[in-house]
Asker: 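Pasting in a structure now, in C-alpha cells, and then I'll have a few things to ask.
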Amino acid sequence: MSAKKKRFSRMQSMFADALEVPEEIALDLPRVTLLGNISLEVENHKGIISYSAKEVRLRVNDGYLIARGNNFKLRSIRKTDVSLEGEINNLAIILDAESESDFNNGWLNQEDLEKLLQEELAEQTEE
C-alpha cells in the first residue's frame, strides 16, 4: 500500500472515530464473521464472483475473498451481505490483487445466481 493511501486510511479512521461510525464502514472494509468451520458471514462485500458447493469467491474493496470447503449453501444473500454454511476448510482475503483485477468478466449475473439458488433449493427438497 502506498504512503499516500496509508495516510488517507488513517484520516478515514480518525474521521470514523470522531463521528462514532463503525470503522469498516468508513474504510469500506469487509466484516468477516467465522463460526468455527461451519458458518461464514461477510458484510460489505462488492459482489459474488463465483459460487459452487466447494468454493465461493466474493469481491471486496481492493481485492477478493475466497472460501473453500464442502457442501456450501447460501443461507442468505443481500446486496452487501452474504451468509454461507458448510464445511469451511480454507479462507483467504487477498487485498491489492492487481493480477486478479479483471474479475468483472467472471461475475455472476442475477439470472445465473437465481438459477444456482433454485438448484440448491431443489436439492434441499429432495433430501
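Atoms considered below: every heavy atom in the structure, side chains included; atoms not considered: hydrogens, waters and symmetry mates.
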Asker: Asn89 and Gly69: which non-hydrogen atoms are nearest, and at how many Å?
Answerer: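 Looking at all heavy atoms of both residues, the closest pair is ND2-CA, 3.5 Å.
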Asker: Does any part of the side chain of Val32, heavy atoms only, come nearer than 4.5 Å to the side chain of Leu91, both counted from C-beta?
Answerer: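 Sidechains of Val32 and Leu91: in contact.
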Asker: Is any side-chain heavy atom of Glu43 closer than 4.5 Å to a side-chain heavy atom of Thr80?
Answerer: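 With C-beta onward as the side chain, the pair stays apart.
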Asker: Asn37 and Glu87: side chain to side chain contact (heavy atoms under 4.5 Å, CB included), yes or no, with the steps?
Answerer: CA-CA 6 Å; Asn37 72 330; Glu87 180 185 333; 4.1 Å; yes
Asker: Kindly indicate, with the supporting measurements, whether the criterion side chain to side chain contact (heavy atoms under 4.5 Å, CB included) is fulfilled by Val82 and His45.
Answerer: CA-CA 8 Å; Val82 170; His45 71 85; 3.1 Å; yes
Asker: Report the C-alpha distance between Glu41 and Asp81 in whole Å, list the side-chain angles of each, state the deciding distance to 0.1 Å, and finish with yes or no for side chain to side chain contact (heavy atoms under 4.5 Å, CB included).
Answerer: CA-CA 7 Å; Glu41 290 186 31; Asp81 302 345; over 6 Å; no
Asker: Please report the interatomic distance CD1(Ile88) to CG(Leu35), rounded to the nearest 0.5 Å.
Answerer: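 Output value for this atom pair is 8.5 Å.
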Asker: Please report the C-alpha distance between Arg57 and Ile48 in whole Å, then the side-chain angles of each, then the deciding distance to 0.1 Å, and finally whether the side chain to side chain contact (heavy atoms under 4.5 Å, CB included) criterion is met.
Answerer: CA-CA 6 Å; Arg57 289 178 181 243; Ile48 296 175; over 6 Å; no
Asker: As an exercise, state the distance from CG of Leu34 to OG of Ser39, rounded to the nearest 0.5 Å.
Answerer: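 Answer rounded to 0.5 Å: 7.5 Å.
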Asker: If we only count heavy atoms from C-beta on, is the Ile66 to Asn90 side-chain gap below 4.5 Å?
Answerer: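 Answer no - side chains too far apart.
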Asker: Between Tyr51 and Leu84, is there a side-chain heavy-atom distance shorter than 4.5 Å?
Answerer: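 They are in contact (side-chain heavy atoms under 4.5 Å apart), so the answer is yes.
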Asker: At their closest point, which heavy atom of Ala67 faces which heavy atom of Leu40, and how far apart are they?
Answerer: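 Minimum heavy-atom separation between Ala67 and Leu40: CB-CD2, 3.9 Å.
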Asker: Can you name the nearest heavy-atom pair linking Asn61 to Lys46, along with the distance?
Answerer: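 Answer, listing the atom of Asn61 first, then Lys46: N-CG, 4.0 Å.
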